[in-house]
Amino acid sequence: MTKISTSLMSAVFAMSLVAAAVEQSDAKPALTRSERCTNLSHQLDEALETHATATKVTAAKALQRKGNRYCAAKKQAQGIRMLANALKLLGVTPNDPVQ
């Protein structure tokens, strides 16, 4: 009886490990802050082209330059904030992938 219980518990444990491995393989890897800086900068470039007549283009470009400088200086958190604020000035919602 004890042998059957031990075998059953081992089988259940093995199945849970397999399930956990399958779950992890489906998950997307989280973006690094550097990748986030790059993505937001590209999104801002596209937004500046499509919203070229917006009244706050100059301010958005200034924030983009500042954000890119922060990102290049290994201060990605500040850079991400600057780039996101520049997008918001243009009325665009920053792409925020689930992390």
Side-chain angles (χ1 to χ4, degrees):
M1 182 78 156
T2 311
K3 219 175 199 184
I4 294 173
S5 297
T6 305
S7 297
L8 184 60
M9 287 176 57
S10 297
V12 170
F13 179 69
M15 288 171 44
S16 67
L17 288 177
V18 170
V22 169
E23 253 182 56
Q24 288 179 352
S25 67
D26 291 342
K28 293 181 181 178
L31 290 178
T32 64
R33 286 183 177 174
S34 295
E35 292 169 332
R36 183 90 173 102
C37 280
T38 303
N39 290 347
L40 286 174
S41 186
H42 289 303
Q43 185 185 2
L44 189 53
D45 287 336
E46 292 173 7
L48 285 168
E49 288 177 13
T50 58
H51 295 83
T53 59
T55 57
K56 298 184 179 183
V57 169
T58 306
K61 286 181 179 180
L63 282 175
Q64 182 184 27
R65 284 190 300 275
K66 200 171 184 181
N68 287 336
R69 273 190 245 122
Y70 276 126
C71 288
K74 306 285 187 218
K75 297 179 180 178
Q76 289 92 358
Q78 292 94 329
I80 290 168
R81 277 195 300 274
M82 293 289 168
L83 294 169
N85 286 336
L87 284 165
K88 289 175 187 174
L89 278 177
L90 297 174
V92 177
T93 303
N95 287 342
D96 194 17
V98 177
Q99 296 188 14

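Given the structure is predicted, the values throughout are model-derived calculations rather than measurements. As a basis for the values below, the full set of heavy atoms in this structure was taken, side chains included, without hydrogen atoms, waters or symmetry mates. Numbering of residues begins at 1 and proceeds along the displayed sequence.
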Are L83 and V92 grouped together when hydrophobic residues (ILVMFWY) are joined by side-chain heavy atoms under 4.5 angstrom apart? yes

Roughly how far, to the nearest 0.5 Å, is CG of N95 from CG of L40? 7.5 Å

From T53 OG1 over to H51 NE2, what is the distance, rounded to the nearest 0.5 angstrom? 8.5 Å

Between T93 and L87, is any pair of side-chain heavy atoms under 4.5 Å apart? no

Return all side-chain donor-acceptor pairs below 3.5 angstrom for residues 59-78, not counting sequence neighbours, or 'none' if the list is empty.
from, atom 1, to, atom 2, distance (Å)
Q64, NE2, D45, OD1, 2.8
N68, OD1, S41, OG, 3.3
N68, ND2, Q64, O, 3.3
Q76, NE2, S34, OG, 3.3

CD-CG distance between E49 and L44, expressed to the nearest 0.5 angstrom: 10.5 Å

